[in-house]
Structures are given as structure tokens and as C-alpha cells.
Amino acid sequence: MDHNKKKAYLINAIAIVALYLVFFVLIQTKTMNNYFVGIAIMTCIMIIMAMSLNIVAGFLGEMALGHAGFMAIGAYSSASFSMALIDGGLSLPPIVTLVLAMIVGGIVAGIFGFLIGTPTLRLRGDYLGIVTIGFSEIIRIFFINFGPTGGAAGLKGITRLVNFNNVYWITIIVAFLIFTLGRSKQGRAIISIREDEIASEAAGIPTTRYKVLAFSLAAFFAGVGGSLYAHYQSFLEPSKFGFMFSIEMFVIVVLGGLGSLTGSIISAIVLTVLPEMLRSFSEYRLLVYSLVLIIMMIFRPQGIFGRSEFSLIAFIESLIQRKNVKNSIGGGEAS
Amino acid sequence: MNLFLQQLINGLNVGSIYALIAIGYTMVYGIIKLINFAHGEIMMFGAYFAFIAATSFHLPVWAVLLSSMVIMAIIGVAIEFIAYRPLRNAPRLSALITAIGVSLFLQNLALIIFKPDPKVMPKIFPETIYKIGEIEISSTTLITIGLSLFFMVLLDLFIRKTKQGRAMRAVSEDKDAAILMGINVNRTISLTFAVGSALGALGGVLYSVAYIQVYPTMGVMPGLKAFIAAVLGGIGIIPGAMLGGFIIGMVETMTKAYLSTTWADAIVFAILIVVLLFKPTGILGKNTREKV
């Protein structure tokens, strides 16, 4: 690891810990009440969802409009798992139960991603989009009709295991994993398919395998996000995971910039917090939201960051440089 | 057997409405390659205008239909001009997000203007029930099917025989070549939106008459199903949209009658997925070979 990279990791780590401490103090001193903590937790979950969707929509460049379906699978399977675990009388520490449930939810969703992705990924563009909508609607209708998980009335009595402390660190870990994926051999292969499928196939990349890999990984992380959602809300109903929710996540990813993970993070924060801020004039809330969406797209169609990533160290360095330039200009005038 | 015939007629009824709405999706997609998510909201507004025209102004039936179609045609053209035209050369996903934005905007606008509670759509068509053997057909059903077929034939003639129709086909085939041939592309696209929105509004009015209700989110599910119909038939192909609409309507009615009401939507989606897996460009779609 070269010196610069080490420095970048160090600075990012400091920023993450500092941000955590800020929240920790705010929550401990009750400056942030439960309502705001709830928004913060939902924001973390939406960050995970947006980043996972970005693997398919951004890295792979395919239109996937059924992310809510995988989230639902993860949520329901992990909730059933943790309920069975707790009913079984196993008294594990809550964090262990949560992590186990998350892994179960992720893996089940990942398996479904694999099963759905294998036949459908030969479709392109809009056709793939509509098929993913179809699958996620089928999943939703399945949960409406499926008795053991409560059917249309919803699944009640999930133990609430998520709080801000653990969801913050889980989000950081997931973000780290997806960032690493983007820079790995596999990630580069996936991105090369987006750039030119035929060329990457000619370069010896097994495109089908990597497409399915990207799809399954996205489903896995969506399942993780769904698990967190289940163990935060402690109540699941199928109607939440409808078509509009998938669209909402897709909007976050496009607005942040397809292929930009930092863009996804920022836009997930903005688009989760903004509707809450607008709650005071509730009637016009979604009207304003949709107008912002249209205007944003007309004036910045490539999203907030486009395809580039925001880098803290580069930002700080540019700040220092600007200061130096200013100083040297100032010095020049003085002498 | 009688039940089956009865359901067949119901299927035709629903299918003709889906077909009308699907035509709007497919025409817009054919010409600017955009999934116009706002189309479901256009049908919803069409239904609301018809409701207002029928209850507040007590217009005759033909005027109710005509006014709603004309107003929605104008609104459709305006939407294209304001929201989609600036993005014509932007990445396609951005245009898609804008369409979603317009859809959300119209839905919430309707929520504010008309309030969320469902309104009862008056019976605007003369109501008589014909009995053939044991099958009952209401005049509303007949008028719905008849009107839909009439406008589909009209559209087909328009597309095939008139100069404007030929321009539409030319633009959807190759926009740049169409410009070189002296076709006014902007005007052709506006015209496409006008025709598509007018048919969507008609679909909305017929839908609200069939289900007796008008409410701000009524466009979402029929919109999605009409879109599925368009994809099923091969998106961008107008006869494909009609065929897809009738298939979806029929499948939905038959599943509701014979299998299960709750699973009907899932079966519709499953059929779409199966068809697309075997014929990736839809029933009437042509396979294009990818060139390097």
C-alpha cells in the first residue's frame, strides 16, 4: 500500500469516526429526539439499498426496476429466521442475532437474484426493466397470499434489534465492501461490460457470468438492507414493497449519478431527509419532490456526481492548494 | 359454457380499454424511445375531466368524450414540450426519471385539486341490458368495445394513409433520415403525444365508467398493465399494443373468474416474463441482430 493510499484510508477513517461521535453526542444529550434518530436509521438503510442497486444500475449499466422485491425477500426471510431463533429459546446477544439474520436474509435474496438473473439477463434495456418489475410484483403478491408470514395483514412481532449504533457501522462495512468490489478484478470486469459488452467479451471476460454475479451481489446487499428494515420497523407489510418503492430507489441512484457510490450515498441522504423536512407543508410535499426531480434531470441529467467519486483526501488537498495559491498571491502583493 | 362466454365478453371489455392505453405507450416509445410513465396519469386526468364535464356542465356524451380527449391531447403536448424535449439528447435513463417525476407530479396535483376520496362516475352511456340466451351484455360494454375498435381502426387508417401518419412512421424508423427528408420532427413528435394522450384519455373515461370510480391514483395499475400489454405485443408496434391489450385483459378476466382474484396480477406478470424469455422483443417484435 503506497503512502498516499494509506493517508486516504486514515483520513476517511477519522471522518467516519468523527461523524459517528457527532451523532453519538447528539443522541446522548437528547438534542436528537427519537423522530430524528428514526430518520437517521432509515437514511442508513436507504444508503445500503441505493449502493446495492448501483451495482446493477451503475456498474453493470442495466435497468433494474425490481429492487424492492429482493428487499422484501431479505426482510421476510431474516425476520422469520430471527423470530424462529428467539422462539427457539436461544438467547444470543442481540447483535449476533441481527448479524445472523442479516446473513440469512442476504443469502436468500442473493439466491433469488441468481435464479432470476440467470434467465433474464439475456434481455436488454427496457425489456429487462419490465421483467424485473414483473418479478418484484410477483414476489409482493406472493407475500400478500402467503399465510405463514401474515399475508396481506403483515408480519408482526419482529424483535427490534436495530439501533443507530449498529446500523451506522453496518452501513460503513457494506459501503466498504461495495467500494472494494468496484475496484476489484470482478468489479472492473462488470464495469467493462457496461462500457462495451462486445469488446469485453472479445477481451476474454465471461460476460454472462459477471452479469449474473453483479445481479446476485446487488440482491444480496438488498437482502441485507431488507433485514435491517425488518428489524428496525418490527413490522412488515407486503404493500410497502410495491413498484413505487423500487422506482424511489432507482431515482436515488440516477440522481446521485449512475456508477458513483458516493453520489448514491449523498442522494440517499438528500432524498430521505428532504421529504421529512417538507412534512410541515405535507400536502405539497410530494409535489415539490417531483418538481425537484424534473428540474434536476433537465439541468443535470448525469446526476450529482456523474460517474466520478467524491474523494475526501482529494477535496482536502484541493482546499490546501487553494489556500497556498491564495497565500502566495497575498504574499506577492505584500512584498 | 355460458359463464365462459360471459367472461369472454368481460375480457374483451377490459382488454379494449388496456389496448387503448397501451397504444399511447407504444406510440411514444416508438418515436422517442421513452417509457412515458406519466401516461397512466394522463388517463386519470382524462377521467376527471370527463367526470367534471358530465356532472358540472351536464354535457351530452359525445361532448364529454371529445372535451376530455382534446384537453388531454393539449396537456400531453405540453408535457412533452416542457419536460421531455429538453432531454431529447440526454441519457435515456434521465428522460425516464423525468417521466417518473411528471407522473408523481400529476398524481399529487390531482390529490390537491380533486382530494383523495373517490368520486362516483355517473353512467354517461344509455344503460340497457341485452339478453342473449343466458348471457347478459350491458350497452356500456358494447359501447366500450365499439368505441375502442372504432378509434383503433381510425388510428390505423391515419398511420397508414395520411401524410402525417407516414411522417410518424418515418421518424420512428430513423429520426436523422427523416430530418433529411424534410420532415418536421418536432411537430411529428408533438402530434404523436397528442394522439396518444387523446386515446389514453378515452381509455381513462371508459375505465372509470366500467369501474364507476374516479380517484387520483386510479392510473397506476391500469397504466402498468397497459405498459405490460405494449411490451408483450412488442413495444413500438401499434398492432402489437392492441393485441397485447386484449391478451392481458382476457388473461386477467379469466384468472379472476376461474383461478383466483388475488393471484390474477401475478399471473399476468408471469405470462409476460415467459413470453419475453422465449421471444425477447415481444410477440410481434422483430429480432434485430447486434452488429459490431
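Throughout, protein chains are lettered first and strands after them, A, B, ... in sequence-line order, and every chain is numbered starting at 1.
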- Query: Taking it one step at a time, do I141(A) and T262(B) satisfy side chain to side chain contact (heavy atoms under 4.5 Å, CB included)?
  - Reply: CA-CA 8 Å; I141(A) 295 165; T262(B) 41; 5.7 Å; no
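With rounding to the nearest 0.5 Å, the separation of CZ in R140(A) from CZ in F269(B) is 8.0 Å. Between the CD atom of E137(A) and the CG atom of D265(B) there is a distance of 7.5 Å, given to the nearest 0.5 Å. Here the straight-line distance linking atom OH of Y127(A) with atom CG of L272(B) works out to 10.5 Å at 0.5 Å rounding. Put simply, OG on S260(B) and CG on N145(A) are 6.0 Å apart, with the number rounded to the nearest 0.5 Å.
For P280(B), the parts lying under 4.5 angstrom from a heavy atom of chain A are both the backbone and the side chain. Of the two parts of L258(A), only the side chain, counted from C-beta on, holds a non-hydrogen atom closer than 4.5 Å to a non-hydrogen atom of chain B. For chain B, the nearby parts of V131(A) are the backbone and the side chain; heavy atoms of each come within less than 4.5 Å. Contact annotation for F142(A): both backbone and side-chain heavy atoms come within less than 4.5 Å of a heavy atom of chain B. Residue A95(B) does not touch chain A at all, counting heavy-atom pairs closer than 4.5 Å. For R122(A), the part lying near chain B is the side chain, with the backbone staying farther off; criterion is any non-hydrogen pair under 4.5 Å. In this structure, chain A has a heavy atom under 4.5 Å from the side chain of L87(B), while its backbone stays farther away.
The salt bridge (Lys or Arg N to Asp or Glu O under 4.0 Å) test applied to R88(B) returns E80(B), not counting sequence neighbours.
More than 12 non-hydrogen atoms from other residues, nucleotides or ligands lie less than 6.0 angstrom from CZ of F235(A). Atom CG of D117(B) sits in a crowded spot, with more than 12 heavy atoms from other residues, nucleotides or ligands closer than 6.0 Å. Counting non-hydrogen atoms of other residues, nucleotides and ligands closer than 6.0 Å to OH of Y210(A) gives a total above 12. The neighbour count for M221(B) CE, taken as heavy atoms of other residues, nucleotides or ligands under 6.0 Å away, is above 12.
Contact detail for A83(B) and I294(A): the closest heavy-atom pair is CB-CG2, 4.4 Å. Here the closest non-hydrogen pair linking G101(B) and S290(A) is O-CB, 3.4 Å. Considering all non-hydrogen atoms of both residues, L277(B) and P119(A) come closest at CD2-O, 3.6 Å.
Looking at M244(A) and V220(B), their side chains never come closer than 4.5 Å, going by heavy atoms from C-beta outward. You'll find the side chain of T98(B) stays beyond 4.5 Å of the side chain of L293(A), heavy atoms only. I130(A) places a side-chain heavy atom less than 4.5 Å from the side chain of L276(B).
Interface with chain B: from residues 59-69 of chain A, residues M63(A) qualify, criterion being any non-hydrogen pair under 4.5 Å. Contacts of residues 14-46 of chain B with chain A at a heavy-atom distance below 4.5 Å involve Y29(B), I35(B), F37(B), listed in sequence order. Inspection of non-hydrogen atoms places no residue of residues 245-258 of chain B under 4.5 Å from chain A.
Ranked by heavy-atom pairs under 4.5 Å with chain B, the list I139(A), L291(A), I144(A) is led by L291(A). For the set I82(B), L111(B), L224(B), the entry with the most heavy-atom pairs within less than 4.5 Å of chain A is L224(B). For the set I247(A), V292(A), I138(A), L287(A), the count of heavy-atom pairs under 4.5 angstrom toward chain B peaks at L287(A).
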